[in-house]
Amino acid sequence: MENQLDMHGEMLLGQYHDLLPRLQELEQQVYTMLSDALEHMGIELNTLEHRIKTEQSFIGKLERKGQKYKDISDVTDLLGVRIVTFFTDDVDKVATLVKQMFRVDWKNSVDKRKRHDLTSFGYNSLHYICRLREGEMSDIPFEIQMRTILQHAWSAMEHDIGYKASVQLPPEFLRQFSRLAGMLELADDEFSRIRTMMSRYSREVQNLVSSGRLDRVPLNNDTFRDYLKTHPFDRLNQRIAAVNQADIIPVSLLPFTDVLVSFGFKTLGDVENFIHNNEDDAYQLALSSLAMTDLDILSEYVGIQNLCFVHALKNGGGHAAIKAIYDTLYGEQKANARQADAVIKKAATLSFIHPSIYQI
C-alpha cells in the first residue's frame with residue numbers, strides 16, 4: 001500500500017533507513033546492559049521487552065504527526081524498552097537504576113503515575129527518554145517504559161476494548177472503567193504491602209532462630225528453611241558418616257517439614273527437642289544399618305530420617321508409621337513397604353523400645 005507522506009515525511013523515512021543499522025546495534029547493547037544490571041540487583045521481572053519501530057509503524061506515525069519532527073533525532077521512541085515488574089516499589093528501584101545507567105532527557109520524560117485525577121481511567125506507567133552516557137551511539141534517544149504487571153494488563157485490556165476511541169462512551173461505561181482502574185491500583189499497592197510485611201516477618205523469624213528463641217517460631221516451610229541454615233543435623237550426620245568414613249552429599253531437607261508436622265510439632269522448639277531426645281538412638285539405628293556395609297557416600301537425609309524413624313517407634317508406631325514416613329518423603333510406592341520392613345528389623349536389635357512393637 002502506497003504511503004501518504006509529504007516530502008518532509010519522505011526525508012525522515014530516508015533518515016530512518018540510514019539509522020536502522022545503528023538502532024539495531026543500540027538495541028542489543030541497551031538490552032544487555034539492562035538485563036545484566038537488573039539480574040545483579042536481584043529484581044524479579046515479569047518481562048523485559050525491546051523493539052525497534054517497524055517501517056510501517058513509523059510511516060503511520062509520520063502520516064499522523066510528521067510535521068512535529070524537524071529531524072530523525074526528534075523521534076524519541078524508534079527504540080523502545082519495556083520493563084514489567086511484579087511490584088510497584090520495584091518500578092521505583094528500576095527507575096533509579098535507569099537514571100544511574102543512562103542520561104535521561106527529563107524534558108521529554110514523564111511519570112504518568114502522577115497524572116491521575118478523578119476523570120482519569122487509563123492505567124499509567126513511567127516513561128524515560130534516555131541516551132547512552134558515552135560512545136558512538138550516545139546521540140540516539142530511546143524510550144524505557146517501566147510499569148507493574150497489573151498496569152501492563154490494564155493497558156493491554158483497555159487497548160483491546162478500545163475505550164480511547166473517538167466515539168464518546170456513555171457515562172456508565174466510563175464509571176465502570178474508573179472503578180476497575182481503582183481496584184487494580186489498590187491491588188498493586190496491597191501486593192507491595194503484603195510483600196513488605198512478609199519480608200519483615202521473615203527477618204523477625206531469622207532473628208528468633210539466630211537468638212535461639214525457637215519456641216516462639218511456628219513450624220512451616222519458611223521457618224524450617226531458616227532453621228536449616230543453623231545446620232542442626234550436622235553433628236548427627238558427622239557421627240553417622242564416621243562409621244564408614246563416608247562423605248555427606250548435600251540435599252534439601254525441606255521435604256521433612258511435612259513429616260515433622262505429622263508428628264504434631266508446632267514450633268521449631270519442638271524440632272530442637274526432637275533432635276535432643278532422639279539423637280543417640282538415631283545414631284544407633286543408623287549404625288545397625290551401616291556397620292556391615294562399605295557405603296562411603298551418604299545423603300544428608302541420613303540424620304533426620306533416622307531421627308524420624310526413632311521418634312515414630314518410640315511413640316508407639318510400627319511398620320505403618322515407618323511406611324507413612326517413606327510415603328510422605330517419596331510418594332506412595334510398593335518399595336516403601338519393603339523399606340519399612342528393613343527399618344523394623346534393624347530397630348528390633350536395639351534397646352530403646354520394647355521388642356514387641358517390631359512384630360511385622
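Values in this document were obtained by computation on a predicted structure and should not be read as measured data.
There is a path of hydrophobic side-chain contacts, each under 4.5 Å, that joins Leu295 to Val243. In terms of hydrophobic clustering, with Ile, Leu, Val, Met, Phe, Trp and Tyr side chains grouped at heavy-atom distances under 4.5 Å, Trp106 and Val81 are assigned to a common cluster. Connection of Val91 to Ile129 is not established within any shared hydrophobic cluster, with ILVMFWY side chains joined at heavy-atom distances below 4.5 Å, either directly or through further cluster members. If you chain together hydrophobic residues whose side chains sit under 4.5 Å apart, Tyr330 and Ile325 fall into the same group. The cluster map of Ile, Leu, Val, Met, Phe, Trp and Tyr, joined by side-chain heavy atoms under 4.5 Å apart, puts Leu254 and Ile248 in the same cluster.
By the 4.5 Å heavy-atom criterion applied to side chains, Leu253 and Tyr301 are counted as neighbours. Side-chain contact between Phe191 and Thr88 is absent, with no heavy-atom pair separated by less than 4.5 Å. Looking at heavy atoms from C-beta onward, Asp280 lies out of side-chain contact with Gln284 at the 4.5 angstrom threshold. Using a 4.5 Å heavy-atom threshold, the side chains of Lys346 and Asn306 count as separate. The shortest distance between side-chain heavy atoms of Met7 and Glu10 does not fall below 4.5 Å. For the pair Gln238 and Arg235, the minimum side-chain heavy-atom distance is 4.5 Å or more. Under the 4.5 Å side-chain criterion, counting only non-hydrogen atoms from C-beta, Leu62 is not in contact with Ile59. Under the 4.5 Å side-chain criterion, counting only non-hydrogen atoms from C-beta, Leu350 is not in contact with Asp281.
Atoms CG and CD, from Leu19 and Gln24 in turn, are 10.0 Å apart once rounded to the nearest 0.5 Å. Within the model, atoms CD of Glu190 and CE of Met183 stand 12.5 Å from one another, a figure rounded to the nearest 0.5 Å. For the atom pair CZ of Phe87 and CG of Asp189, the computed distance is 12.5 Å after rounding to the nearest 0.5 Å. In this structure, Ser192 OG and Asp90 CG are separated by 7.0 Å, a value rounded to the nearest 0.5 Å.
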- Just do the side-chain contact (heavy atoms from CB on, under 4.5 Å) check on Arg103 and Ser138 with the steps written out, would you? CA-CA 9 Å; Arg103 288 187 294 122; Ser138 60; 4.1 Å; yes
### Query
Passes side-chain contact (heavy atoms from CB on, under 4.5 Å), Leu132 versus Ile140? Steps please.
CA-CA 8 Å; Leu132 296 180; Ile140 306 175; over 6 Å; no
* To do: List the steps and the verdict of side-chain contact (heavy atoms from CB on, under 4.5 Å) for Lys61 and Val75.
  => CA-CA 10 Å; Lys61 188 182 188 77; Val75 185; 4.1 Å; yes
CA sep, side-chain torsions, deciding dist, call: His127, Thr76, side-chain contact (heavy atoms from CB on, under 4.5 Å): CA-CA 11 Å; His127 296 201; Thr76 58; over 6 Å; no
Determine all donor-acceptor pairs shorter than 3.5 Å in which one atom belongs to a side chain in residues 261-268; sequence neighbours excluded.
{"from": "Ser262", "atom 1": "OG", "to": "Val259", "atom 2": "O", "distance (Å)": "2.5"}
{"from": "Thr267", "atom 1": "OG1", "to": "Gly269", "atom 2": "N", "distance (Å)": "3.2"}
{"from": "Thr267", "atom 1": "OG1", "to": "Asp270", "atom 2": "N", "distance (Å)": "3.2"}

Solution key, residues 31-49 side-chain donor-acceptor pairs under 3.5 Å, sequence neighbours excluded:
{"from": "Thr32", "atom 1": "OG1", "to": "Gln28", "atom 2": "O", "distance (Å)": "2.9"}
{"from": "Thr32", "atom 1": "OG1", "to": "Gln28", "atom 2": "NE2", "distance (Å)": "3.2"}
{"from": "Glu49", "atom 1": "OE1", "to": "Arg82", "atom 2": "NH1", "distance (Å)": "3.1"}

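No more than 12 heavy atoms of other residues, nucleotides or ligands shown are found within 6.0 angstrom of CD on Glu332. More than 12 heavy atoms of other residues, nucleotides or ligands sit less than 6.0 Å from atom CZ of Phe86. In this structure, Lys107 places its NZ atom where only 12 or fewer heavy-atom neighbours from other residues, nucleotides or ligands lie under 6.0 Å away.
Under a 4.0 Å N-O distance rule, the pair Asp341/Arg338 does not qualify as a salt bridge. Between Arg22 and Asp139 there is a salt bridge, with a side-chain nitrogen of the basic residue lying less than 4.0 Å from a carboxylate oxygen of the acidic one. Between Asp327 and Lys323 there is a salt bridge, with a side-chain nitrogen of the basic residue lying less than 4.0 Å from a carboxylate oxygen of the acidic one.
Ring geometry for Tyr326 versus Phe309: interplanar angle of 30 to 60°, hence tilted.
Between Phe102 and Arg131, the shortest heavy-atom contact is CB-O, 3.4 Å. Residues Gly303 and Asn237 come closest through the heavy atom pair N-OD1, 2.9 Å. In terms of heavy-atom proximity, Tyr16 sits nearest to Lys53 at OH-O, 2.6 Å.
In this structure, a donor-acceptor pair under 3.5 Å is present between the side chains of Gln67 and Asp6. Residues Thr148 and Asp188 bring a donor and an acceptor atom of their side chains to less than 3.5 Å of each other.
Of the candidates Ile275, Asn277, Leu260, Leu307 forms a side-chain contact (heavy atoms from CB on, under 4.5 Å) with just one, namely Ile275. Of the residues listed (Asn221, Thr328, Thr223, Asp222), the one engaging Thr257 in a side chain to side chain donor-acceptor pair (under 3.5 Å) is Asn221, and it is the only one.
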